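Chain identifiers are assigned alphabetically (A, B, ...) following the order of the sequence lines, protein sequences preceding nucleic acid strands; residue numbering begins at 1 within each chain. This is a predicted model, so every value here is computed, not measured.
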Amino acid sequence: MVNLASLNPQQRTAAATLKGPVLILAGAGTGKTRVITFRIAHMIDRGIAPVNILAVTFTNKAAREMQQRVSKLIPKKDRNGEKLERPTICTFHSLCLKILRVHIEKLGYKKNFVIYSESEQLGAIKKILSHMSAKGEKTDPAAILSLLSKYKNGGESAKAFAEPSVAALAQHIRKKYESALRACNAVDFDDLILLTLRLFEEHPDALQACRDKYTYVMVDEYQDTNAAQFKLVHSLSSEHRNICVVGDDDQSIYGWRGAEISNLLDMEKHFPEVKVVKLEQNYRSTTTILTAANAVIKNNTQRRGKQLWSDKGQGKRITLHTFENDEEESKHIVQQIEFMRLASQVPWEDQAILFRTNQQSRGLETALRQSNVRYHLIGGQSYFDRREIKDFLAYLKMLLNPHDDISLLRIANVPARGLSDVTMERMLSASQERDCSVYAAMRHTDVQESCLNRTKESLIEFLRFIDETRAPLSDGQSLSLKVWAEKFLTDTGYIEELQRSEKNPDIADNRVRNLKELVEKLDENGVPTTNPMERLQTFLEDMTLDSDREEDKDNKGDAVTLITMHSCKGLEFPHVYIVGMEDGLLPHSRSKVENTLDEERRLFYVAITRAMVTLTMSYCIGRKKYGQMLPCHPSPFLKELPADLVELDDGKAKKPVTEEVGQNFFAAMKRLAD
DNA sequence: TCATATTATGTTTTT
DNA sequence: CATAATATGA
Ligand SMILES: Nc1ncnc2c1ncn2[C@@H]1O[C@H](COP(=O)(O)OP(=O)(O)OP(=O)(O)O)[C@@H](O)[C@H]1O
């Protein structure tokens, strides 16, 4: 029996109302996510089959966490002693992937489709732009991609395309982009959702099957869903109406990605019979932290006001440090973390450093390493931005599907094998003439004949490599993908090339190590069981969709968390350090142009409300940018904090150490010395 | 065709 | 300070 007694009355109402639409609208730390977790457990307890339950979270990490918590609440077996299945708890993208893996052939894609990551999307866009005769003025591929995404997803942000000339251009680029991806049998992140919607429209039987399967739907962080995701939720639940959404308008921080707060706030419009639950007690933070957060967010005009209170007591004041530069900042924060650990026995895992941009983690990482402090960096694109990782994934994608032109072109001459840019460009136009893939074009003898003898040999050798390497993937024999990948990496001379291309041997070794680590993971989905082709596809999907997956060894053990303010949403830490509180970083300078100051403030609000016990902030007078020290000014948001809750530390006044703390500290030092 | 040298250029957040 | 796009020489 799941015990709802540990919930407060409002929470209990929300968790116990299983039928019909429910909206939980509540501030940070009021237990929204916890309510969902209990609600799922309660449903299972009441005999609802787990397979009928769908809970959508914002990140894969959140999904895993919720799955674990639900598992702890419910028994392993049901009343008849049968093993209980698990409910579906995942992100929108994983859900759509599950659906598309079954149905995608109905939409004209082949079953072995791949998901393109951002760098591959950019590659496709760049190719298109270069073919569109470089007369265009603004051709920042990243900007185009972002616009395209907004355009595709529709909703409020797509209204900017109303003007006919803009719309025509957008439509043109979209068509080119889509046919490029389609020719590669690839989809992007947005397509996962959009294709699922198309499937539902064109194949009502598939929609009906999903509706029948997921008869109870829940969505966490609903304020950050976009128009397409909104449609998806409605398609699934407009009939049975068992839909529970959870969110906080003050924590909407993904507007730049097309998220619309109105999805949350207009819930009553779309489901008039909705039961609205408001939660007001914050179980996370001290009153000081909560008051500061409330004072900051009050400066946003367009919001639903909330009453939040906490019984955790006043707690310590917020500390605000001023540092000379970013290096000093990192050094002192690390010192502070170590002081907390040695003097107050606060383990590393109870402390987190929050920052606005991923770049900021670099300086912190070096400082942490210098002091031998273990840390855990969450998110951060850098890993998948590395050349060797991108190359390797392109190899895998090309071997999974040789008609994937974009992947093939990426690695065709890496390492150099006599197929220069010019040659590949020729192959590309040959493929366009023949209306086939580059791989298919290369196989044509007349295309081969049109090349010089040398190039022709290189082409044939490359084709031989592809076919030979692909053979073991589908010959029905069991295969270790790791061994397989190691072989082709050596045979092609890729590893050698990687080492040679880097002068600095340390960095070269690092690159090889990165690659080897990734290769190791190939067999993690079990070696002999399923067919290698499918395992390869699953591996690639996990890599693109679940890139924030934590390695077990990193997850285990005591470590400080380094995380951006965006990805910290939904998490909590006893001790939080917010660094880089400078004008231009938070709020980011770009937010002034884009008129998104409110969203920056919400971001600050999210960051503050992660803290349970203590909160430390800091800003620098100067910061290194592009190798140069540039002057900085404190963030205007700092002025919004109530002055009496903040203790300033500009480095001049050394605060006295209390006797107890001092003794603990020295005791700890002694222990270390022994 | 390939490898190295030079120069330009960059603002943020992520599934 | 980095990385990526371009130019040049072998
Ligand atoms: N009724 C309760 N009694 C005790 N602790 C609670 C209760 N409800 C929630 N908590 C605790 O409060 C903390 C915040 O809960 P949770 O993460 O679910 O809040 P949230 O509303 O989802 O927050 P956020 O919006 O910031 O993500 C958790 O540590 C949770 O265990």
Side chain of [X], heavy atoms from C-beta onward: which of [options] has the nearest atom to it?
| X | options | result |
| --- | --- | --- |
| A:N358 | B:dT1, B:dT14, C:dA2 | B:dT14 |
| A:H588 | B:dC2, B:dT12, B:dT13 | B:dT12 |
| A:Y626 | B:dT11, B:dC2, B:dT14 | B:dT11 |
| A:T357 | C:dA2, B:dT12, B:dT15 | B:dT12 |
| A:R362 | C:dA2, B:dT13, B:dT1 | C:dA2 |

Evaluate ring pair (Phe, Tyr, Trp, His ring centres under 6.0 Å) for A:Y254 paired with A:H566, printing each intermediate quantity in order. CA-CA 8 Å; A:Y254 286 89; A:H566 279 89; 5.3 Å; yes
Whole-Å distance separating the [atom1] atom of [X] from the [atom2] atom of [N]:
| X | N | atom1 | atom2 | result |
| --- | --- | --- | --- | --- |
| A:Y116 | B:dT14 | OH | P | 24 Å |
| A:F355 | B:dT14 | CZ | P | 9 Å |
| A:R387 | C:dA4 | CZ | P | 9 Å |
| A:Q229 | B:dT14 | CD | C1' | 12 Å |
| A:K152 | B:dT15 | NZ | P | 18 Å |
| A:Y254 | B:dT14 | OH | P | 6 Å |
| A:D190 | B:dT14 | CG | P | 16 Å |
| A:E496 | B:dA3 | CD | P | 12 Å |

So, does A:K126 get its side chain near the phosphate of C:dA5, meaning an N or O under 4.0 Å from OP1 or OP2?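 Affirmative; the distance criterion is met.
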Tell me whether the OP1 or OP2 atom of B:dC2 has a side-chain N or O from A:N413 closer than 4.0 Å.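 For B:dC2, OP1/OP2 do have a side-chain N/O of A:N413 under 4.0 Å.
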Check DNA chain B against residues 592-609 of chain A and give the residues with a non-hydrogen atom under 4.0 Å, in numerical order.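 Within residues 592-609 of chain A, the residues near DNA chain B are A:E594.
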Distance-only donor-acceptor test (3.5 Å): side chain [X], base [N]:
| X | N | value |
| --- | --- | --- |
| A:T564 | B:dT13 | no |
| A:R590 | B:dT12 | yes |
| A:R454 | B:dT1 | no |

Non-neighbouring partners of A:T33 that pass side chain to side chain donor-acceptor pair (under 3.5 Å), sequence neighbours left out: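 Expected list: A:D220.
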Counting only heavy atoms not in A:E327, do more than 12 fall under 6.0 Å of its CD?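 Atom CD in A:E327 is not crowded, with 12 or fewer foreign heavy atoms closer than 6.0 Å.
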Greater than 12 external heavy atoms within 6.0 Å of A:R101's CZ: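 More than 12 within 6.0 Å, yes.
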Under a plain distance cut-off of 3.5 Å, with no hydrogens placed, do A:Y116 and A:D404 share a side-chain donor-acceptor pair?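 Judged by distance alone, the side chains do pair up.
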When you check the side-chain N and O atoms of A:Q360 and A:T357, is any donor under 3.5 Å from an acceptor?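 Judged by distance alone, the side chains do pair up.
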Select base, sugar-phosphate, or nothing to describe what [X] touches, counting heavy atoms under 4.0 Å on all strands.
| X | value |
| --- | --- |
| A:T544 | nothing |
| A:Q359 | sugar-phosphate |
| A:T423 | sugar-phosphate |

Is there side-chain contact between A:L585 and A:F355, with at least one heavy-atom pair below 4.5 Å?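 A side-chain contact is absent here, since even the closest heavy-atom pair is not under 4.5 Å.
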Does the aromatic ring of A:F189 sit over the six-membered base ring of B:dT14, closer than 5.5 Å centre to centre and tilted less than 30°?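 One would not call A:F189 stacked on the B:dT14 base.
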Of A:S567 and A:D421, whose nearest nucleotide on DNA chain B comes first from the 5' end?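 The answer here is A:D421.
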Mind running side-chain hydrogen bond (donor to acceptor under 3.5 Å, both in side chains) on A:N112 and A:N185 for me, showing each step along the way? CA-CA 8 Å; A:N112 65 346; A:N185 202 33; 3.0 Å; yes
